[in-house]
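Data first, discussion second: the structure below is written as structure tokens.
Residue numbers begin at 1 in each chain, while the letters A, B, ... track the order of the sequences.
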Protein chains: 2
Amino acid sequence: MPDASALPAQPAPAVPPHVESVDTQYLESLVGYNARRAALAIIAQFLPRMAPYDLRPVDFSVLSLVAHNPGITSRQLCGTLNILPPNLVGMVGQLEKRNLIERLPHPRDRRAAGLHLTPDGETLVREAELRVAALEEEATARLTAAERKTLMRLLQKIYR
Amino acid sequence: MPDASALPAQPAPAVPPHVESVDTQYLESLVGYNARRAALAIIAQFLPRMAPYDLRPVDFSVLSLVAHNPGITSRQLCGTLNILPPNLVGMVGQLEKRNLIERLPHPRDRRAAGLHLTPDGETLVREAELRVAALEEEATARLTAAERKTLMRLLQKIYR
DNA sequence: TATTGTTATACTCTATAACTATA
DNA sequence: TATAGTTATAGAGTATAACAATA
């Protein structure tokens with residue numbers, strides 16, 4: 001009986017192989033990879049659409065939270081959006097300079113300030129949220145309404 | 001008949017309101033917000049788990065693509081992972097220094113180099129992919145297998 | 001003339017340490 | 001003693017311009 005292990009191994013190719021089309025099957029089997037790619041795809045659509053308002057995703061989130069939570073503090077914004085306090089200071093400062101939000105004294109804690117939209121801020125948030133609704137529609141155009149709802153439910157099962 | 005418009009408006013509260021618990025309903029109705037939060041949650045679990053291997057998410061993606069596509073070029077990696085060429089140079093250089101990948105001449109294009117795993121790289125990718133499988137399991141623990149599959153299908157409908 | 005890979009560099013994002021005023 | 005907000009600063013991530021070698 002011939003000893004297979006004594007046979008010469010398949011000779012290494014003299015020429016190293018090259019890749020015709022990249023196989024991404026493995027990465028695309030990972031939830032983390034897919035979530036990140038989808039998030040970046042939506043942000044890429046967000047940026048040009050919201051550029052006329054000079055709002056980055058984080059600015060929009062902050063303004064929107066202030067709109068729906070009048071009197072929210074910087075600390076609460078940080079906790080909700082997972083932003084570190086030193087990194088929020090500049091954002092709030094800029095939004096205040098642009099006359100979109102104002103700081104009022106906190107009724108219970110003199111260390112804190114409650115954030116509120118100005119009339120200009122109200123107007124801008126209203127327009128921005130309309131644009132975002134259109135963007136969401138476009139970004140999820142290949143999903144049915146039911147799929148869109150399912151998608152958000154499943155994503156929230158991961159991070160909430 | 002009394003003229004309602006002549007009545008004094010509801011007086012503005014003397015004390016500005018404060019927020020007991022933050023209302024995030026609106027943001028959580030946006031696919032972009034949910035996808036980003038889920039992606040960041042998974043990355044936060046990735047970092048400590050892969051720290052022993054000194055691999056960031058992007059390093060893992062690069063190594064994994066080289067593993068499954070022997071001979072892939074830097075240009076192909078950039079296109080697949082949406083990385084700009086100048087930002088890939090350092091990563092590939094580091095992985096080569098760590099003796100995880102090597103560059104072989106490309107059989108068809110003398111400008112390019114084909115990337116291949118070294119034996120050390122093969123070993124590390126095998127272990128890293130096992131860890132990532134465990135991480136995926138943990139991160140999606142509240143999803144059924146069917147939900148996990150659905151989630152990835154829906155995410156791919158957004159970015160592919 | 002276009003593309004691969006590279007260098008240099010600027011800009012943005014994220015993180016840590018330390019301080020003040022108030023709780 | 002702990003917390004809200006702030007300053008300064010370091011590090012990581014992302015972007016553009018320009019170049020050499022090859023297609």
Side-chain angles (χ1 to χ4, degrees), chain A residues 16 18-19 22 36-37 39-41 43-44 46-48 50-51 54-62 65-66 69 71-97 101-116, chain B residues 16 18-20 22 36-37 39-41 43-44 46-48 50-51 54-62 66 71-97 101-115:
Chain A
H18 69 281
V19 173
V22 179
R36 178 160 164 74
R37 293 302 299 258
L40 290 175
I43 289 175
F46 182 101
L47 296 178
M50 302 302 275
D54 197 15
L55 293 181
R56 299 163 303 162
V58 66
D59 300 313
F60 174 78
S61 296
V62 166
L65 281 174
V66 174
N69 298 272
I72 192 173
T73 66
S74 289
R75 195 73 188 74
Q76 288 175 311
L77 282 174
C78 285
T80 303
L81 295 176
N82 219 26
I83 299 171
L84 293 170
N87 299 329
L88 186 67
V89 173
M91 300 179 209
V92 168
Q94 288 298 315
L95 295 173
E96 194 180 26
K97 252 196 220 164
I101 64 175
E102 57 183 345
R103 307 179 207 226
L104 298 181
H106 192 282
R108 290 245 244 268
D109 187 340
R110 274 186 303 165
R111 292 171 303 181
L115 303 176
H116 300 260
Chain B
H18 69 282
V19 173
E20 289 293 349
V22 179
R36 178 161 164 75
R37 293 302 298 258
L40 291 175
I43 289 174
F46 182 102
L47 296 178
M50 302 302 276
D54 197 15
L55 293 181
R56 300 164 302 162
V58 66
D59 300 314
F60 174 78
S61 296
V62 166
V66 173
I72 193 173
T73 66
S74 290
R75 195 73 189 74
Q76 288 175 309
L77 282 174
C78 285
T80 304
L81 295 175
N82 219 25
I83 298 172
L84 293 171
N87 299 330
L88 185 67
V89 173
M91 301 180 208
V92 168
Q94 288 299 314
L95 295 173
E96 194 181 26
K97 253 196 220 165
I101 64 175
E102 57 182 347
R103 306 179 207 225
L104 297 181
H106 191 282
R108 289 245 244 270
D109 188 339
R110 277 185 300 168
R111 291 171 304 182
L115 302 176

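- Whole-Å rounding puts the L47(B) CG to dT14(C) C1' distance at 12 Å.
- Judged by atom type and distance alone, R110(A) does not reach the base of dT22(C) through any side-chain donor-acceptor pair under 3.5 Å.
- L77(A) has its CG atom 12 Å from the P atom of dT6(D), to the nearest Å.
- Relative ring orientation between H18(A) and H106(B) is described as tilted, the plane-to-plane angle lying within the 30° to 60° band.
- The side chain of A112(B) lies closest to dT4(C), out of dG5(D), dT4(C), dT14(C).
- Looking at heavy atoms from C-beta onward, L115(A) lies in side-chain contact with R103(A) at the 4.5 angstrom threshold.
- To the nearest 0.5 Å, atom CG of residue N87(B) and atom CG of residue N82(B) are 11.5 Å apart.
- Along DNA chain C, the nucleotide nearest G114(B) and the nucleotide nearest L40(B) are compared for position; the residue whose nucleotide lies closer to the 5' end is G114(B).
- Judged by closest nucleotide on DNA chain D, N82(B) is the one of N82(B) and R108(B) placed further toward the 5' end.
- In this structure, of dT6(C), dT7(D), dA15(D), it is dA15(D) that holds the atom nearest to the side chain of N87(B).
- A side chain to side chain contact (heavy atoms under 4.5 Å, CB included) with V22(B) holds for exactly one of N69(A), L81(A), L77(A); it is N69(A).
- Atom pair I72(A):CD1 and dA4(D):P shows a separation of 13 Å (rounding to whole Å applied).
- Interatomic distance, S74(B) OG to M91(B) CE, rounded to the nearest 0.5 Å: 10.5 Å.
- With rounding to whole Å, L88(A) atom CG is found 15 Å from dA15(C) atom C1'.
- Distance CD1 (I43(A)) to P (dG13(D)): 16 Å, rounded to an integer number of Å.
- A donor N or O paired with an acceptor N or O is not found under 3.5 Å between the base of dT4(C) and the side-chain atoms of R75(B).
- Remark: R56(A) is not in phosphate contact with dT12(C), judged by side-chain N or O atoms under 4.0 Å from OP1 or OP2.
- Rounded to an integer number of Å, the gap from CE of M91(B) to P of dA15(D) is 11 Å.
- The side chain of P86(A) approaches dT6(D) more closely than any other nucleotide in the set dG5(C), dT6(D), dG5(D).
- Listed nucleotides: dA17(D), dT3(D), dA2(C). Nearest to the side chain of R111(A): dT3(D).
- Rounded to a whole Å, the CG atom of D59(A) is 12 Å from the C1' atom of dT12(C).
- To the nearest angstrom, P of dA2(D) lies 17 Å from CG of D109(A).
- Between P85(A) and L84(B), it is P85(A) whose nearest contact on DNA chain D lies nearer the 5' terminus.
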